[in-house]
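Here's the structure, in structure tokens; my notes come after.
Quick note: residue numbers are just sequence positions, from 1. Treat the numbers as computed from the prediction; the structure is a model and nothing was measured.
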Amino acid sequence: MPRTFPNCQEKPYWNRSLPRSVFAEDTPDETPRMLHPVKEDAAMHSDIIITSEHVFAGVEGCDEARAAAVCIKDGRIQAVVDPAEADAYRGPDTRTVDYGSAFVCPGLHDAHLHAFHSALYSSPLAESFLGESEADCVARLAPLAERRPTGWLLAQGWREYRWKTPVMPSKHSLDEVYPDRPVALYSGDAHTLWLNSCALAELGVTRDSVPPVGGSYDKDENGELTGIVREAAAMELMPRIVASFTLDEIADAYRGFLRRLASHGITSVCDVSLMAQPGLDFVRDDVYAALEEAGDLTARVHLFPTLLDDMGRFERMRETYRGPLLNVGGFKQFFDGVSSQHTAYLQAPYTNARFEGDRGQTTVPFATMRDLIMKAAEKGYPVRIHTIGDEAIHEALDIFEEALETYGAPRFGRNSLEHLENFQPDDIERLARLGVIASVQPPHITLDPGGPERDLGPMRCQYMWPFATLLADGATLALGTDSPVVDVDSRGVLYTAVTRQDATTHAPQGGWLPSEKIGMADALRAYAAGSAAAANDPDIGTLEAGKWADIAVFDLDLLGEDAAREPERILDMNTLATYVAGRAVYEA
């Protein structure tokens with residue numbers, strides 16, 4: 001009988017997908033035993049066998065990659081065995097793909113992104129750039145204006161605090177070049193819009209307009225609109241700005257985005273709500289449904305629409321999308337903003353407070369958030385909450401703890417907190433104790449060099465993005481990018497997770513808060529199994545029998561000495577192939 005490929009504790013990857021006739025009767029205290037070699041049953045011949053000298057299964061307890069053969073039938077993994085023993089699964093029609101010394105691992109899973117904007121801003125419909133200054137950003141719109149001579153000009157990515165002169169832009173620079181076309185530039189953190197006068201007029205925003213709760217229309221000393229629209233007010237305007245794009249145009253943008261995901265070894269995503277207001281979450285199930293019907297959905301998509309008092313849309317979606325490629329994983333809500341704009345909710349005021357008591361605020365009152373979470377908990381639905389500031393994290397955990405004591409753990413998955421930039425020390429351990437997943441985006445660590453020290457001071461910086469401490473305390477990490485805030489390039493995610501350095505500048509030397517670096521095996525597990533836990537999908541995340549054959553193949557041994565000695569090599573790594581359910585959706 002073939003010896004199933006063991007993990008580091010010599011525990012076999014039992015073939016849960018094999019038919020019952022292959023197993024002896026189960027007993028409560030005994031793992032099922034094979035009655036006869038699999039090779040005697042022609043029905044068990046694999047469709048495809050993937051082999052490599054470096055296969056990392058991603059299971060807990062094993063930090064090594066070994067020579068192995070991944071045997072796949074009907075899209076699922078039959079077994080992971082020693083290559084010499086793969087003949088038991090090989091039939092006359094089995095296709096074998098040998099990747100030599102390449103690195104084979106579970107398909108990566110971006111646990112937190114916003115697909116609509118990611119697709120839009122990476123398509124010909126819009127532009128994406130940081131820019132070096134206000135004038136530079138205006139100049140970078142020229143190619144878009146040339147290829148789209150009419151209608152809205154839309155771009156994303158500017159961050160004024162990263163410019164050579166870090167001052168907030170205004171409508172005037174856009175008006176000089178585009179007096180007769182509406183222009184909207186969305187900030188890199190997806191919380192602020194920069195509009196020209198034509199755009200303000202088209203949207204009906206005047207100096208007398210009243211912004212929605214939690215948002216603002218910035219004005220100058222004379223009471224005139226500057227063109228800067230923040231938080232809830234910006235989010236409210238975005239659907240009207242993008243309404244001019246057709247469903248076909250948006251679907252094409254999604255296809256391009258899916259190709260990009262596959263080119264980075266990403267086989268699954270969690271598409272989470274971008275905005276809390278009803279109807280503004282940009283979780284476009286209609287686009288995914290069209291792509292799935294056309295056979296163009298090349299990644300697993302887990303949808304997380306906004307948690308509202310009315311759960312009707314969520315429950316309809318949950319019943320409609322139940323397939324392995326498209327499903328609804330839970331809810332998303334928002335408790336605060338971002339530190340760079342002083343909208344993240346802190347226990348104590350910002351170090352560089354702009355006014356007395358400047359510590360941000362919650363996006364909704366505590367009582368409102370509590371009611372929403374408790375209603376979801378009563379039905380067993382998991383919830384993901386945007387929490388960046390330490391007091392937002394603390395209060396969210398208070399609510400999750402009450403829900404756990406009242407209703408027990410959610411029946412349909414696990415709760416998670418999103419972003420988690422700075423903690424109150426005791427909450428790090430409490431997160432693990434409550435079983436709440438830490439959904440984090442490693443590249444965020446270096447987005448704003450010097451920003452944490454500027455905004456929070458050195459004492460609070462000790463408890464920012466504490467990945468290693470979270471793992472040591474038993475928490476589950478799930479990795480993602482928050483795209484389009486950060487590009488979906490998996491190399492940058494892995495590099496920053498293990499180095500705490502920026503993927504472009506490699507700063508700071510030695511890493512920012514280097515004690516919180518994590519090892520590559522832990523990073524890969526967080527980027528696959530951890531994200532699968534956040535998606536509430538037990539059928540993906542590791543290379544084990546019975547799970548879907550979602551696989552990434554890279555030309556660098558990520559667990560080898562070269563990558564450990566020179567982590568910059570991670571950034572030059574190439575994806576050789578990406579498989580979803582055993583089907584190659586990308587090949588170099």
Set of residues satisfying side-chain contact (heavy atoms from CB on, under 4.5 Å) with respect to Ala503, sequence neighbours excluded: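 Per chain and number, Ala503 pairs via side-chain contact (heavy atoms from CB on, under 4.5 Å) with Tyr495, Leu571.
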Looking only at side chains, do [X] and [Y] share a donor and an acceptor under 3.5 Å apart?
| X | Y | result |
| --- | --- | --- |
| Thr476 | Arg414 | yes |
| His191 | Glu231 | yes |
| Thr481 | Gln441 | no |
| Asp448 | Tyr161 | no |

Contacts of type salt bridge (Lys or Arg N to Asp or Glu O under 4.0 Å), residue Asp208, not counting sequence neighbours: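 Checked Asp208 against salt bridge (Lys or Arg N to Asp or Glu O under 4.0 Å); zero matches.
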Residues which pass salt bridge (Lys or Arg N to Asp or Glu O under 4.0 Å) with Arg359, listed by chain and number, not counting sequence neighbours: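 Residues passing salt bridge (Lys or Arg N to Asp or Glu O under 4.0 Å) with Arg359: none at all.
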Any donor-acceptor pair under 3.5 Å from His419 side chain to Ser439 backbone: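 Side chain of His419 to backbone of Ser439: no pair is present.
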Nearest 0.5 Å please: distance from the [atom1] atom of [X] over to the [atom2] atom of [Y].
| X | Y | atom1 | atom2 | answer |
| --- | --- | --- | --- | --- |
| Arg140 | Glu132 | CZ | CD | 6.0 Å |
| Arg491 | Thr496 | CZ | OG1 | 12.5 Å |
| Glu401 | Asn415 | CD | CG | 12.5 Å |
| Phe400 | Leu434 | CZ | CG | 9.5 Å |

pair [X]-[Y]: side-chain heavy atoms closer than 4.5 Å:
| X | Y | answer |
| --- | --- | --- |
| Lys332 | Asp281 | no |
| Asp482 | His114 | yes |
| Phe467 | Val440 | yes |
| Leu303 | Leu326 | yes |
| Leu456 | Leu346 | yes |

To check you understand the geometry: which heavy-atom pair defines the closest contact between [X] and [Y], and what is its length?
| X | Y | value |
| --- | --- | --- |
| Gln156 | Ser187 | NE2-O, 3.8 Å |
| Tyr345 | Gly360 | CD1-O, 3.7 Å |
| Gly389 | Asp336 | N-OD2, 2.8 Å |
| Trp194 | Cys137 | CZ3-CB, 3.8 Å |

In terms of side-chain geometry, is the basic nitrogen of [X] or [Y] positioned less than 4.0 Å from the acidic oxygen of its partner?
| X | Y | answer |
| --- | --- | --- |
| Arg148 | Glu127 | no |
| Asp371 | Lys375 | no |
| Asp550 | Arg300 | yes |
| Glu402 | Arg370 | yes |

Inter- and intrachain pairs under salt bridge (charged side-chain N to carboxylate O under 4.0 Å, His left out), touching residues 316-331, at least two apart: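 Listed by first then second residue: Glu319-Arg322.
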Stepwise side chain to side chain contact (heavy atoms under 4.5 Å, CB included) test for Met238 and Leu193: CA-CA 9 Å; Met238 276 304 297; Leu193 271 173; 3.8 Å; yes
Qualifying side-chain hydrogen bond (donor to acceptor under 3.5 Å, both in side chains) pairs with a residue from residues 165-174, counting only residues at least two apart or across chains: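 For residues 165-174, and leaving out neighbouring residues, the side-chain hydrogen bond (donor to acceptor under 3.5 Å, both in side chains) pairs sorted by first residue read Glu134-Ser173.
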Working for side chain to side chain contact (heavy atoms under 4.5 Å, CB included), residues Asp296 and Leu258: CA-CA 9 Å; Asp296 293 338; Leu258 288 165; 5.8 Å; no
Parallel, tilted or perpendicular: ring planes of Trp158 versus Trp163, cut at 30 and 60 degrees: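 Trp158 and Trp163: tilted rings.
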Parallel, tilted or perpendicular: rings of Tyr186 and Tyr121 (30°, 60°):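 Geometry flag for Tyr186 against Tyr121: tilted rings.
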Derivation of the side chain to side chain contact (heavy atoms under 4.5 Å, CB included) call for Leu141 and Phe129: CA-CA 10 Å; Leu141 289 169; Phe129 47 76; 4.2 Å; yes
Worked check of side chain to side chain contact (heavy atoms under 4.5 Å, CB included) between Leu185 and Leu174: CA-CA 10 Å; Leu185 286 84; Leu174 293 171; 3.9 Å; yes
Pairing residues for Phe331 by the ring pair (Phe, Tyr, Trp, His ring centres under 6.0 Å) criterion, not counting sequence neighbours: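 Counting only residues at least two positions away or on another chain, Phe331 forms a ring pair (Phe, Tyr, Trp, His ring centres under 6.0 Å) with Phe314, Tyr381.
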